[in-house]
Structure formats: C-alpha cells, structure tokens
Amino acid sequence: MLPTDVLQRAREELLSFNGIGMSIMEISHRSRHFRGVLEKAESGLRELLSVPDTHRILFLQGGASLQFSMIPMNFLAGATADHVVTGAWGKKAVVEAQKCGSVNIIWTDQANGFRTIPDREELRFTPEAAYVHYTSNETIEGVEFDHELVAGGTPVICDASSDILSKPIDLENYALLYAGAQKNIGPSGVCVVIIREDMLARVPAGQASSLDYRAIAEADSMLNTPNTWGIYIVSLVCEWLLERGGVVAIEQQNKAKARSLYSAIDSSDGFYTGHAARNARSRMNVTFHLPDDRLDAQFAAEAEDAGLSGLKGHRVLGGIRASIYNAMPLEGVEALVGFMGEFSKRNG
Ligand code: PMP
C-alpha cells in the first residue's frame with residue numbers, strides 16, 4: 001500500500017506540479033522544479049533515518065535485484081564475500097555474487113525452511129572478507145532480524161528492501177544499505193542506496209558507468225534520466241511519514257499491528273501456524289498456514305471476497321502472507337484478525 005494521502009496529493013498535482021502547468025513527468029530532470037523534488041526526497045530520507053554526513057543517498061533504477069549484481073561488481077572483484085542467508089532474497093544475492101568472486105555462506109537456515117536468524121555471538125566472519133551481506137527482513141518467509149548485524153572491521157551491506165523506514169536503524173553500522181522502494185518508500189522503479197563515502201573509492205576503474213556507484217554519486221543520481229515520477233512519490237511519502245512522527249512513531253504502530261496478528265495466530269489452538277520462529281517474526285510480513293493446502297486456498301479466496309486482498313503466500317512458500325507495511329492502517333489488520341477468528345470457527 002501507498003498512503004492514501006500521498007496518492008491524493010499526487011492526483012491533485014498530476015496535471016500541474018507546483019502550479020507550473022505541467023506534470024512532474026513532463027518537465028526536464030535538470031529543471032529547478034525536479035531538483036527541488038530530488039532534494040526533498042533526499043533530505044526526507046536523511047532526516048527520517050538520521051543518515052550521517054559520512055553517507056551518500058543515491059536513487060537508482062533496476063530494483064533491489066540490480067544491487068545483487070552491482071555490489072559484487074563494485075566491491076568483490078575476485079575476493080571473498082560473507083553472506084548470511086535467511087531466506088529466498090538472500091539466496092538470490094548469493095547467486096549474483098558468485099559470478100564475481102567467492103562467497104562464504106557463514107550462516108543459513110535453509111535446511112530448516114528459513115525460519116530463524118542467527119544469534120549475535122554465532123557469526124564468524126572471514127578475516128579477509130570484502131564485506132558481509134545480509135537481508136534485514138526476508139519478505140517471502142517473514143523472517144526479520146531483531147538486531148542489526150555488527151561485524152567489527154568487515155563492511156556490512158544490508159538489503160533492507162522490506163523493512164526500511166519501519167523502525168529506527170543506526171546507519172553508522174553500514175557500509176551500504178539498499179532498498180527497492182516499493183514497500184515502505186514509494187513506487188517500484190526506484191532503488192535507494194545509502195553508501196558510506198569511503199566505499200566509493202573502492203570502485204574499480206573501468207566499471208560500466210551506469211553500474212558505478214562513484215560515477216552515480218558524482219552525478220548526484222543523475223548520470224542518466226532518473227525515475228522522476230518515482231522520486232517525486234518518494235518525496236511525498238517522506239513528507240507523510242515525517243508529519244506522523246517519523247520512524248519512531250511508525251515503529252510503535254508497526255509493533256501493535258504485528259502483535260495483533262501474531263496473537264490471532266497463537267490463540268487459534270493450532271488452526272493457524274506461524275512460519276517464523278518467535279525471535280525472528282517479521283513485523284512487515286506475517287506468514288502462516290492453515291491445516292492443509294485446500295484451506296489455505298479457501299482462506300485466501302474468501303478473504304478476497306471480504307475485501308482483504310493480497311493474502312495468498314508467495315509461490316515459493318505457499319500458505320498465507322499478510323504484508324502490513326507502514327501505510328497499512330491498524331484497522332486493516334483488525335479486519336483481518338476478525339476474519340481469521342470467524343474463518344477458524346467455521347472451518348476449525
Ligand atoms: N530483496 C527483498 C528483501 C525483496 O523483498 C525484494 C522484492 N520483493 C527484492 C530484494 C527484489 O526487489 P526488486 O523487485 O526491486 O528487484
């Protein structure tokens with residue numbers, strides 16, 4: 001979901017942005033009007049996430065998936081990268097990294113169906129690793145870190161696509177943090193990369209310019225025409241979130257929403273079974289299943305008829321997945337909890 005207020009504002013400004021008689025999609029990205037939008041998106045993210053001056057914020061295209069390739073292309077170059085793999089997206093990142101160097105999977109829960117996360121003390125980093133990569137929230141399995149990974153001297157790189165802006169994080173911990181925008185930041189087609197300045201100096205010479213973090217940073221994310229519409233929506237989402245108390249306030253709301261759903265699962269006498277271990281339960285993607293596949297399908301279909309859409313689990317995992325990103329109001333979750341109670345009474 002995107003916040004309804006944001007969509008309404010975008011609708012109002014669709015034909016004439018800032019009263020200039022043209023849409024943001026029709027004006028030059030070099031114009032002062034778009035410059036203002038880009039600055040607003042950047043300063044909004046900087047304020048919301050308390051991004052330190054040591055880090056640059058870049059707006060890229062190609063989704064989070066392109067980062068799976070760009071990161072090793074820029075920073076691996078034949079060396080070793082540590083990967084912590086807690087779900088399907090982390091696995092995809094490994095496949096791309098292996099094309100550029102060697103990958104040491106220092107922790108994975110794959111054999112157990114990706115249900116949990118490592119303890120802080122459990123991880124042993126490869127001494128010469130170029131970086132360690134992890135996924136703070138695995139969107140498909142609904143497995144989220146309840147702490148930030150800290151790796152001593154090893155640069156930490158994080159795919160935060162599905163939990164960025166849902167809670168405060170300490171950017172000082174990260175050499176690079178990236179997120180496809182289409183969950184909590186805006187529409188698809190924009191990927192936010194927050195990168196520590198010193199990493200830019202590590203980009204090897206001869207890198208294709210469009211895949212070169214340093215070149216993109218030097219061009220202020222405008223090496224080529226950026227996704228102007230997408231960045232505009234990002235600027236509005238940031239404004240919306242700032243007006244509502246930022247990530248500290250939204251975290252409280254996200255906690256309440258997740259608590260409500262997980263307690264519906266836990267109090268169902270086993271009718272609903274959560275996928276993730278308790279310490280790894282995602283506040284963004286609540287995954288569970290019913291006693292059999294037939295009931296999973298019936299649940300998703302009847303929920304759809306009741307106006308609760310998008311609940312069918314990802315094809316990789318099956319079951320049910322309730323994605324309850326920032327813009328989902330508590331009432332939406334309460335409606336689902338009500339439906340779950342009623343459905344289990346009828347079918348339990
Ligand atoms: N990482 C995570 C954690 C995701 O949830 C997704 C998309 N759902 C991706 C990467 C891939 O993102 P994109 O489609 O923007 O390439």
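Numbering of residues begins at 1 and proceeds along the displayed sequence. First listed ligand is number 1; within each ligand, the first listed atom is number 1.
- Between Y213 and I71 the shortest side-chain heavy-atom distance falls below 4.5 Å.
- Residue contacts with ligand 1: K92 is excluded, as none of its non-hydrogen atoms falls under 4.0 Å.
- Considering backbone and side-chain atoms alike, S162 places every N or O at 3.5 Å or more from each N or O of ligand 1.
- The protein atom (non-hydrogen) at minimum distance from atom 12 (O) of ligand 1 is A64 CB, 3.5 Å.
- When only modelled atom types and interatomic distance are considered, S166 and N184 share no side-chain donor-acceptor pair under 3.5 Å.
- Annotation for ligand 1: atoms under 4.0 Å from non-hydrogen atoms of T139 are 2 (C), 3 (C), 4 (C), 5 (O).
- Inclusion of T135 in the set of residues having an N or O under 3.5 Å from an N or O of ligand 1 is not warranted.
- If you look at S65 next to ligand 1, the close heavy atoms, those under 4.0 Å, come from the backbone and the side chain alike.
- Ionic pairing of R346 and E342 is present here: one or more N-O contacts between side-chain nitrogen and carboxylate oxygen are shorter than 4.0 angstrom.
- Comment: K92 does not engage D159 in a salt bridge, judged by the lack of any side-chain N to carboxylate O separation of less than 4.0 angstrom.
- Between E138 and ligand 1 there is no heavy-atom distance shorter than 4.0 Å.
- Considering backbone and side-chain N/O atoms, G180 never comes within less than 3.5 Å of an N/O atom of ligand 1.
- With salt bridges taken as basic N to acidic carboxylate O contacts below 4.0 Å, none links E304 and K312.
- Close approach to G63 involves these atoms of ligand 1, each under 4.0 Å from a residue heavy atom: 15 (O), 16 (O).
- Per-residue contacts place N137 under 4.0 angstrom from the following atoms of ligand 1 (heavy atoms of the residue considered): 3 (C).
- Across the listed options H314, Q182, K183, Q182 owns the non-hydrogen atom lying nearest to atom 14 (O) of ligand 1.
- Look at K40 and E239 and you find a salt bridge, because one of the NZ, NE, NH1 or NH2 atoms lies within 4.0 Å of a carboxylate O, short of that distance.
- A donor atom on one side chain and an acceptor atom on the other are not found under 3.5 Å apart for T80 and N104.
- Look at E96 and K99 and you find a salt bridge, because one of the NZ, NE, NH1 or NH2 atoms lies within 4.0 Å of a carboxylate O, short of that distance.
- I164 places none of its side-chain heavy atoms less than 4.5 Å from the side chain of Y178.
- Closest to atom 1 (N) of ligand 1, if we only count protein heavy atoms, is D159 OD2, 2.6 Å.
- The nearest protein atom to atom 6 (C) of ligand 1, hydrogens excluded, is given as W89 CE2, 3.5 Å; this is a heavy-atom distance.
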